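Computed from a predicted structure; not experimentally measured. All residue numbers in this chain count up from 1 along the given sequence.
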Amino acid sequence: MASSTEFLNFVCEQISGIGSVRFRKMFGDGMVYLNDKPVILVCDDIAYVKKLDIIADIMSDAGTGTPYDGAKEHYVLDIDNADFAKEVVLKIEAVTPLPRSKKKKA
């Protein structure tokens with residue numbers, strides 16, 4: 001089951017106001033970006049964040065899961081709690097590098 005555009009828009013709305021938020025659909029699911037850094041992976045209308053040391057303490061009660069076959073285990077983000085989601089995403093954004101630009105073929 002793919003993620004709906006409505007859910008991706010909802011995720012973006014929940015973390016709005018802390019920077020430039022957008023999403024990109026890929027393979028039927030999506031990635032949410034904060035200030036052009038990938039912070040939330042959305043698969044099957046579930047918001048996942050990477051298991052990073054910087055958020056381990058605040059995500060200790062969160063559920064975990066794998067967004068797709070072969071993926072590493074991620075935390076499931078409580079996206080309904082906007083304040084908590086913003087706190088988590090800001091911590092992730094602080095340690096996430098900008099994606100490398102892809103060189104265009106001549």
Side-chain angles (χ1 to χ4, degrees):
M1 179 174 119
S3 295
S4 68
T5 302
E6 293 80 18
F7 186 75
L8 285 162
N9 282 323
F10 173 71
V11 171
C12 290
E13 288 169 14
Q14 290 295 92
I15 62 168
S16 66
I18 59 172
S20 174
V21 178
R22 67 180 175 89
F23 73 86
R24 183 173 169 203
K25 285 197 82 132
M26 27 185 156
F27 309 112
D29 289 306
M31 178 66 73
V32 177
Y33 296 82
L34 174 62
N35 300 325
D36 292 324
K37 296 178 180 181
V39 291
I40 301 174
L41 178 60
V42 178
C43 295
D44 298 331
D45 288 345
I46 299 171
Y48 294 95
V49 293
K50 279 186 178 181
K51 289 183 109 178
L52 300 171
D53 291 340
I54 196 155
I55 59 170
D57 57 333
I58 62 175
M59 294 295 288
S60 62
D61 294 333
T64 59
T66 53
Y68 53 88
D69 290 339
K72 292 181 180 178
E73 189 173 65
H74 285 59
Y75 291 120
V76 175
L77 180 63
D78 180 8
I79 198 63
D80 292 325
N81 184 341
D83 291 335
F84 179 72
K86 288 177 185 179
E87 179 184 357
V88 171
V89 167
L90 281 170
K91 287 181 180 238
I92 293 170
E93 190 265 345
V95 298
T96 302
L98 285 168
R100 294 182 217 163
S101 61
K102 295 179 180 163
K103 295 180 182 179
K104 294 184 180 182
K105 295 182 180 180

Under 3.5 Å, which donor-acceptor pairs do the side chains of residues 19-28 form with other protein atoms, sequence neighbours left out?
residue	atom	partner	partner atom	Å
R22	NE	D36	OD1	3.2
R22	NH2	D36	OD1	3.4
K25	NZ	S3	O	3.0

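Between I79 and F7 the shortest heavy-atom distance is CG2-CZ, 4.1 Å. Residues K37 and L98 come closest through the heavy atom pair CG-CD2, 3.7 Å.
Crowding of K50 atom NZ: a count of heavy atoms from other residues, nucleotides or ligands under 6.0 Å not exceeding 12. At most 12 heavy atoms of other shown residues, nucleotides or ligands fall within 6.0 angstrom of atom CG in D53.
Between P67 and D29, every side-chain heavy-atom pair lies at or beyond the 4.5 Å cut-off. Counting heavy atoms from C-beta on, the side chains of V49 and L41 never come closer than 4.5 Å. Contact of the V76 side chain with the Y48 side chain is registered, since non-hydrogen atoms from C-beta on lie closer than 4.5 Å. I92 has its side chain within reach of V88: a pair of non-hydrogen atoms, C-beta onward, lies under 4.5 Å apart.
I46 and M31 fall within a single hydrophobic cluster, where Ile, Leu, Val, Met, Phe, Trp and Tyr side chains are chained together by heavy-atom contacts under 4.5 Å. Transitive grouping of hydrophobic side chains (ILVMFWY, heavy atoms separated by less than 4.5 Å) keeps I55 and Y33 in distinct clusters.
Applying the side chain to side chain contact (heavy atoms under 4.5 Å, CB included) test between V89 and each of V32, I15, V11 identifies I15 as the sole match.
Sorted by first and then second residue, the side-chain hydrogen bond (donor to acceptor under 3.5 Å, both in side chains) pairs with a member in residues 67-76 read K51-E73, T64-E73; sequence neighbours excluded. Residue pairs that meet the side-chain hydrogen bond (donor to acceptor under 3.5 Å, both in side chains) test with at least one member in residues 76-97, sequence neighbours left out, are N35-E93. For residues 8-19, there are no side-chain hydrogen bond (donor to acceptor under 3.5 Å, both in side chains) pairs, not counting sequence neighbours.
Atoms CD1 and SG, from I40 and C12 in turn, are 7.5 Å apart once rounded to the nearest 0.5 Å.
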